[in-house]
A.B. asks: 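Take a look at the following structure, please.
FYI, side chains are in, hydrogens and waters are out, and symmetry mates aren't considered; it's all heavy atoms of this structure. The chains referred to below are lettered A, B, ... by the order of the sequence lines, with proteins before strands, and numbering in each begins at 1.
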4 protein chains.
Amino acid sequence: MAGAETQRAERGPGRPRQERVTDDTLDAVIELVTEKGVKAVTMDAVAARAGVSKPAIYRRWPSKQALIIAAAESRIGPLTVPDLGDIRAELREVLTARLTAYRLPGTARLLTELMTAAAEAGGPQVAYGDYTERIMSETRRILQRGIARGEVRPEVDIRSAATLVAAPLVYRLLAERELPNARFVDDLVDMVVRAVGP
Amino acid sequence: MAGAETQRAERGPGRPRQERVTDDTLDAVIELVTEKGVKAVTMDAVAARAGVSKPAIYRRWPSKQALIIAAAESRIGPLTVPDLGDIRAELREVLTARLTAYRLPGTARLLTELMTAAAEAGGPQVAYGDYTERIMSETRRILQRGIARGEVRPEVDIRSAATLVAAPLVYRLLAERELPNARFVDDLVDMVVRAVGP
Amino acid sequence: MAGAETQRAERGPGRPRQERVTDDTLDAVIELVTEKGVKAVTMDAVAARAGVSKPAIYRRWPSKQALIIAAAESRIGPLTVPDLGDIRAELREVLTARLTAYRLPGTARLLTELMTAAAEAGGPQVAYGDYTERIMSETRRILQRGIARGEVRPEVDIRSAATLVAAPLVYRLLAERELPNARFVDDLVDMVVRAVGP
Amino acid sequence: MAGAETQRAERGPGRPRQERVTDDTLDAVIELVTEKGVKAVTMDAVAARAGVSKPAIYRRWPSKQALIIAAAESRIGPLTVPDLGDIRAELREVLTARLTAYRLPGTARLLTELMTAAAEAGGPQVAYGDYTERIMSETRRILQRGIARGEVRPEVDIRSAATLVAAPLVYRLLAERELPNARFVDDLVDMVVRAVGP
DNA sequence: TAATAACCGAGACGGTACGTCAAGTCTTCGG
DNA sequence: CCGAAGACTTGACGTACCGTCTCGGTTATTA
């Protein structure tokens with residue numbers, strides 16, 4: 001699976017795409033968002049800053065939104081948590097990882113953009129869905145392990161519980177418009193453990 | 001809201017504003033959102049559908065965002081919960097009220113728009129803040145009463161707990177892209193009560 | 001006829017178009033053509049120089065070509081010749097009028113543009129057709145008067161003769177790429193008079 | 001033309017150029033012009049239809065205009081008129097030859113393109129100049145012979161007269177937008193003979 | 001009753017960005 | 001070296017939407 005990506009194996013005919021273009025474009029988006037906000041992310045501005053032409057961008061992403069989503073995704077990265085033997089530790093791990101990501105400048109704007117994109121009918125919902133799904137599935141895995149260990153009541157609805165874990169952080173960031181902090185994560189972990197525990 | 005209209009009506013040298021314009025405009029926004037999505041909510045489209053001129057709209061709301069927010073607010077309405085003597089019942093009450101609102105068609109789009117508006121720096125965050133704040137303060141009030149009754153541990157951080165209550169519903173709607181249902185509310189109430197209970 | 005134009009009578013509702021915009025745009029086109037050639041006539045450049053927005057231009061003319069044609073037309077002006085009692089004098093009059101117009105800088109480019117536009121299938125051929133038609137009908141009128149006076153053989157095909165009169169000037173300008181002069185006009189008048197005379 | 005190909009074929013270190021590419025490209029241009037008009041003559045379209053790559057085209061012609069001119073030239077062919085002993089017959093000969101060429105579909109468009117190319121300052125005017133010059137010099141030769149034979153007044157300006165002969169056909173085609181016919185040629189010949197005759 | 005002030009619909013305006021298209025160049029592979 | 005394929009830059013195109021302004025005209029309150 002990594003092989004296919006790394007090898008980029010069967011190259012077709014014609015001049016191959018330059019990675020530089022892809023990378024620089026994504027970088028330019030992030031820079032612009034963090035420096036001047038989403039409103040400043042103009043395709044022309046991105047192209048200019050990246051030293052890339054607009055057609056080259058549109059060859060890669062079909063629209064401005066798709067580009068912004070791709071940029072966001074490229075910065076958020078994976079978040080898998082190993083079995084730490086303790087649900088409390090594992091929950092703190094996921095939430096802290098996300099906390100760190102959210103505290104990067106511009107993240108709130110990027111997340112909002114992702115969410116807006118997701119809400120558009122017919123838009124590339126997949127993208128934000130992917131991101132959410134990654135978080136949710138990891139959280140569910142942790143809760144599942146908790147059931148196995150007897151830390152979580154077996155009758156708890158895993159999906160509901162996972163939502164309870166995942167929602168507050170982004171809600172505080174976007175709705176309450178406040179950067180979440182470690183104290184908040186502690187509170188959450190504590191409450192969630194009580195909520196699902198025996 | 002009605003106040004502003006009434007106050008204005010008290011005196012004024014010129015021709016008074018027609019309520020029809022205000023109402024039809026708000027309706028048009030809601031209709032457009034539910035029928036064709038946020039992207040279709042163009043000021044021209046709104047004006048055309050409402051049978052109203054653009055200046056008439058801008059005389060009432062300073063920007064498109066303000067208009068959309070006003071439209072959303074006009075549909076969501078207030079949500080105050082009386083003392084029911086039982087934190088479980090009161091939580092179910094707030095959440096069910098919101099559940100009902102969210103299940104109206106187009107609400108997801110409207111909420112997203114609200115959130116986007118909130119995320120814009122310098123924008124009228126106040127508005128969405130208002131909505132969020134209304135939910136949060138009501139929830140905090142419930143939790144506070146719970147402490148008084150001994151249903152909630154006094155060392156619980158009320159703000160964190162309120163976020164825990166308020167976040168999952170909107171997260172499921174916007175991020176998980178799924179209409180929340182009564183079963184989900186039940187799960188939430190149950191988990192929250194355990195989370196904050198003694 | 002002039003009345004309708006002057007009165008601009010039944011004005012529709014809404015803000016009326018500003019003549020300044022129309023005029024300045026046309027001027028800008030002419031200036032750009034004469035200064036830097038047709039290639040420099042970019043819609044953005046025109047808009048910038050005229051101090052006008054692109055949409056305002058497109059509201060008036062449906063395409064760049066239509067704009068250029070309109071600009072050309074606006075400079076070429078009418079060319080009606082009164083009855084001078086003598087076909088030779090009248091022919092010299094039309095041809096000299098056109099000679100004067102063609103000797104304005106940029107006219108060759110403008111005429112070529114007009115002709116190109118005319119050659120485009122489905123394009124606004126009307127415009128160039130109009131211009132050509134104006135010349136041709138005036139020329140035909142002169143020849144007709146010549147027949148009445150007995151200066152032109154009655155069996156002469158008026159259309160063919162009119163083409164014989166109208167073609168050489170523009171041919172010399174565009175195909176031979178040479179600015180026609182008074183000597184050339186004299187030669188033409190002389191030859192044409194012999195060609196159609198008794 | 002063939003000469004260039006042959007010369008090139010004489011030697012060369014690498015793979016020789018394929019005539020197929022040259023021919024198919026020219027054909028593709030003509031086809032596109034006649035079928036869809038000048039606007040459809042895109043380098044990509046030409047390449048696609050000819051089954052040829054863009055670099056292969058640019059290896060042969062330095063620009064799109066040069067290509068179109070080459071295509072036009074390849075179809076129009078030479079036009080030399082032998083001494084027929086009679087100016088009337090010779091004039092009819094040149095004009096009929098051109099009439100035949102102009103009646104091929106797409107010629108009007110091609111000629112316009114040539115003319116446009118000629119009008120561009122600094123462009124390869126030579127090309128259209130060549131074509132015009134070929135016509136003009138042949139016409140001048142005819143008139144010169146006419147002077148020798150006493151059919152043409154010696155004081156006639158040969159250049160002016162040649163323009164008088166050459167212009168009407170193309171004017172009728174491009175400006176009047178009408179396919180010239182044999183009757184028109186007859187009229188022209190007749191009038192020209194009178195114009196220059198004693 | 002007349003003046004005045006604010007309203008109203010219609011639609012043009014400046015501005016900004018969008019997404020697209022074509023020309024001509026460059027890069028990779030294979031013959 | 002030629003050729004196909006196709007990515008690249010450049011630069012312009014025509015369109016969409018925002019928020020403002022300008023009309024002609026209407027409807028109230030004030031003088």
Side-chain angles (χ1 to χ4, degrees), chain A residues 11-18 20-21 39-47 51-65, chain B residues 8-9 11-18 20-21 39 41-48 50-65, chain C residues 11-18 20-21 39-47 51-64, chain D residues 12-18 20-21 39-48 50-65 67:
Chain A
R11 168 124 55 68
R15 177 176 176 176
R17 289 190 183 168
Q18 294 177 21
R20 181 197 75 84
V21 173
K39 294 270 299 246
V41 183
T42 296
M43 291 311 259
D44 292 86
V46 171
V52 148
S53 69
K54 273 206 290 177
I57 298 179
Y58 278 101
R59 214 170 284 125
R60 290 169 170 74
W61 302 277
S63 70
K64 187 185 162 184
Q65 249 181 15
Chain B
R8 236 182 194 293
R11 93 188 62 272
R15 172 177 175 178
R17 290 189 182 165
Q18 296 176 20
R20 182 197 74 84
V21 173
K39 292 266 302 235
V41 183
T42 297
M43 290 311 258
D44 292 87
V46 171
V52 148
S53 69
K54 277 205 289 175
I57 298 180
Y58 278 100
R59 223 169 275 130
R60 288 166 172 75
W61 301 277
S63 70
K64 185 186 163 184
Q65 263 179 6
Chain C
R11 168 123 56 67
R15 176 175 175 176
R17 290 190 180 168
Q18 296 177 20
R20 182 197 73 85
V21 174
K39 294 271 300 247
V41 183
T42 295
M43 290 311 258
D44 292 87
V46 171
V52 148
S53 70
K54 271 205 291 176
I57 298 179
Y58 279 101
R59 220 169 280 127
R60 287 168 171 74
W61 301 277
S63 69
K64 187 185 161 183
Chain D
R15 174 175 172 177
R17 288 191 183 166
Q18 296 176 20
R20 182 197 75 83
V21 173
K39 292 267 301 239
V41 184
T42 296
M43 290 311 258
D44 291 87
V46 171
V52 148
S53 70
K54 276 206 288 175
I57 298 179
Y58 278 100
R59 222 168 276 128
R60 288 167 173 75
W61 301 276
S63 71
K64 185 186 164 183
Q65 260 179 8
L67 169 61

A.B. asks: With the criterion being N/O to N/O and under 3.5 Å, what pairs connect the protein with nucleotides 17-19 of chain F, and how long is each?
C.D. replies:
{"residue": "F:dC18", "atom": "OP1", "partner": "B:Lys64", "partner atom": "NZ", "Å": "3.0"}
{"residue": "F:dC18", "atom": "OP2", "partner": "B:Met43", "partner atom": "N", "Å": "2.7"}
{"residue": "F:dG19", "atom": "OP2", "partner": "B:Tyr58", "partner atom": "OH", "Å": "2.8"}
{"residue": "F:dG19", "atom": "OP2", "partner": "B:Lys64", "partner atom": "N", "Å": "3.2"}
{"residue": "F:dG19", "atom": "O5'", "partner": "B:Tyr58", "partner atom": "OH", "Å": "3.4"}
{"residue": "F:dG19", "atom": "N7", "partner": "B:Lys54", "partner atom": "NZ", "Å": "3.3"}
{"residue": "F:dG19", "atom": "O6", "partner": "B:Lys54", "partner atom": "NZ", "Å": "2.9"}

A.B. asks: Could you state the interatomic distance from CD1 (A:Ile57) to OG (A:Ser53), rounded to the nearest 0.5 Å?
C.D. replies: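 The distance works out to 7.0 Å.
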
A.B. asks: Of all heavy-atom pairs between C:Ala45 and C:Ala40, which one has the smallest distance, and what is that distance?
C.D. replies: CB-O, 3.8 Å

A.B. asks: Which heavy atom of A:Val41 sits nearest to which heavy atom of A:Lys64, and what is that distance?
C.D. replies: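 Reported closest heavy-atom pair: O-CE, 2.8 Å.
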
A.B. asks: Quick one: which of F:dC8, E:dG14, E:dG9 gets closest to the side chain of C:Ala56?
C.D. replies: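 Nearest listed nucleotide: E:dG14.
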
A.B. asks: If every non-hydrogen atom of C:Met43 is compared with every non-hydrogen atom of C:Lys54, which pair is closest and at what distance?
C.D. replies: CB-CD, 4.0 Å

A.B. asks: How sharply is the helix from E:dT1-F:dA31 to E:dG31-F:dC1 bent, taking the axes over five pairs at either end and rounding to 10 degrees?
C.D. replies: 10°

A.B. asks: Checking the side chain of C:Arg17 only, and the main-chain atoms of C:Arg60 only, is there a donor and an acceptor separated by less than 3.5 Å?
C.D. replies: no

A.B. asks: Can you tell me if C:Arg20 touches the phosphate of F:dT22, counting only side-chain N or O atoms and a distance under 4.0 Å to OP1 or OP2?
C.D. replies: no

A.B. asks: Output the rounded distance in Å from CZ (C:Arg15) to P (F:dT22).
C.D. replies: 6 Å

A.B. asks: F:dG3, F:dT10, F:dC21: which one has an atom nearest the side-chain heavy atoms of D:Ser53?
C.D. replies: F:dG3

A.B. asks: Nearest-Å distance, CD1 (B:Ile57) to P (F:dT20)?
C.D. replies: 13 Å

A.B. asks: Does C:Gln18 or A:Arg60 map to a spot on DNA chain F nearer the 5' end, using the closest nucleotide for each?
C.D. replies: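 Mapping each residue to its closest nucleotide by heavy atoms, the 5'-most match is A:Arg60.
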
